[in-house]
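Report on the following structure.
In listed order, ligands and their atoms are each counted from 1.
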Amino acid sequence: MTTTLETAVRPVIPHDIARIVISPKSYTNDDVIYPALAWLRENMPLGVAEVEGYDPIWIVTKHADIRSVEVNAKLFHNADHNPILNDRASDEFMRQINGGSLRLISSLTYMDPPEHAAYRSLTASWFMPNRVSKLEDQIRVLARQSVEKLLSFEGECDFVRDFALFYPLRVIMGLFGVPPEDEPRMLKLTQEFFGVHDPEEQRPEMVADPVAAAKMWAATLEEFYEYFDALSAQRRANPTDDLLSLIANSQVNGATIPRNEANGYYVAIATAGHDTTSSSTAGGLHGLLLYPENIAKLQADPSLIKGLVDEAIRWTSPVKHFMRNATEDTQLRGQTIRAMDRLMMCYPSGNRDEEVFAEAARFDITRSPNPHIAFGFGPHMCLGQHLAKLEMRVLFEELLPHLSSIELAGEPRFVETNFVGGYKSLPIRIKRR
Ligand code: HEM
């Protein structure tokens, strides 16, 4: 598809910077991605990236611009094009296997008004703070078990691989209604779903193929759908009080939720619900290890943990982007955006915007206010944000009092992705109290 961007007058981002922002590899190294985003905020806060193989896209780096695009869901749609940035070949492959459409999954992310509100309302009250706070005791039990396992290492371990990956997975799968024996399968599928550009996360048969990412995505989705079809049928026959039963038995426009939309919902919750949270948890610990004076402060005053959680999520920004497309010609930061132009919302950049956050690169658990946009903004703002924050708070409340000492035992490693990712490994040395 050609966009009007190709003929409009617009500020074109220097090629090396544009490649950095788009390339999945850049997100494995803070010293590469953050200087590029800082350059853009300073010199070209809203510019066009023209990178071979990709549609030309607007790169939105300022906190205020990301918020004003996201809040206006009628003017800026998620899903007339792909809400996730792919190269043209991958999008073309998606269209071929999906009857000409890029809507490969009927989840909230691929919906616009009014459809989006109809589906979001099915679970919105389940995810509200007053409902989620009732889960605290249940979540605390899982946090205690996980912390006990971590402390049992008494020496060196990998905070991500031995710990952070599993706790949010257990929480969300338990609430959702996926049996514990299926958790490893959910973890593997999620890592494939989000890690399409990371060679270590790819299905081996896909690595050499030019549309590898698209093929792998389709194969992973198919496996998810097969799995959830069976669970959905079970919950319709015998409803329980889990989230899967709520979705399986919900009605939209007077009829039972259709198969694609039900499966889209399940996959969104099963995937978005843990990778993001485990990465933010690892980021929180990494921040504490880099600024260790905070550990004693938190141990002395656990009420500071709420600030730690918000700062961990801002500082880590595990979701690197979502796309929007303009539905009509409009103005933003003095630039003319044309109908069907595409915009990449760079959340890690908005969260380091010096106009909003003093010493933005610093991990500061007392930062207040902390109006980060790691959960997005507007009608699509993360459905699971209150659950994610509760999980993280409870975890740090259970972990910190037991730490006698903790230090980095090696360099952290990050997932190669420009979409959802973060920590792949965080080696630590730990001693319990
Ligand atoms: C959407 C971030 C945890 C479920 C999103 C979006 C972001 C995000 C950036 C897109 C927002 C937008 O387009 O404006 C995060 C982060 C998390 C987290 C940083 C953890 C720290 C969770 C959890 C769940 C969840 C725990 C579920 C249990 C969803 C869903 C959507 C979403 C269903 C789609 C919402 C919509 O389009 O209406 N999240 N998320 N997320 N998230 Fe999260």
### Query
Does NZ or CZ of Arg185 fall inside the cone over Tyr227's six-membered ring, less than 6.0 Å from its centre and within 45° of the axis?
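Judged by the rule (NZ or CZ under 6.0 Å from the ring centre, within 45° of its axis), Arg185 is not positioned above Tyr227.
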#### Entry: Within 45° cone of Phe377 ring axis and under 6.0 Å: Arg67 NZ or CZ
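Yes, Arg67 and Phe377 form such a contact.
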#### Entry: ring pair (Phe, Tyr, Trp, His ring centres under 6.0 Å) against Phe322, all qualifying residues, sequence neighbours excluded
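Testing Phe322 for ring pair (Phe, Tyr, Trp, His ring centres under 6.0 Å), a comparison that skips the adjacent residues, returns Phe419.
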### Message
According to ring pair (Phe, Tyr, Trp, His ring centres under 6.0 Å), who are the partners of Tyr347, at least two apart in sequence or on a separate chain?
### Response
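Per chain and number, Tyr347 pairs via ring pair (Phe, Tyr, Trp, His ring centres under 6.0 Å) with no residue.
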### Query
For Tyr167, does its backbone N or O pair with a side-chain atom of Ser146 as donor and acceptor, under 3.5 Å?
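Absent.
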### Non-neighbouring partners of Ala268 that pass side-chain contact (heavy atoms from CB on, under 4.5 Å), sequence neighbours left out
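side-chain contact (heavy atoms from CB on, under 4.5 Å) list for Ala268, sorted by chain: Ser107.
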Could you go through ligand 1 and note, for every N or O atom, any protein N or O atom closer than 3.5 angstrom, writing the atom names and distance to 0.1 Å, or 'none'?
{"from": "ligand 1", "atom 1": "13 (O)", "to": "Arg324", "atom 2": "NH2", "distance (Å)": "2.9"}
{"from": "ligand 1", "atom 1": "14 (O)", "to": "Glu70", "atom 2": "OE1", "distance (Å)": "2.6"}
{"from": "ligand 1", "atom 1": "14 (O)", "to": "Arg324", "atom 2": "NH2", "distance (Å)": "3.4"}
{"from": "ligand 1", "atom 1": "14 (O)", "to": "Phe377", "atom 2": "N", "distance (Å)": "3.3"}
{"from": "ligand 1", "atom 1": "14 (O)", "to": "Phe377", "atom 2": "O", "distance (Å)": "3.4"}
{"from": "ligand 1", "atom 1": "37 (O)", "to": "His380", "atom 2": "ND1", "distance (Å)": "2.7"}
{"from": "ligand 1", "atom 1": "38 (O)", "to": "His116", "atom 2": "NE2", "distance (Å)": "2.7"}
{"from": "ligand 1", "atom 1": "38 (O)", "to": "Arg120", "atom 2": "NH1", "distance (Å)": "2.7"}

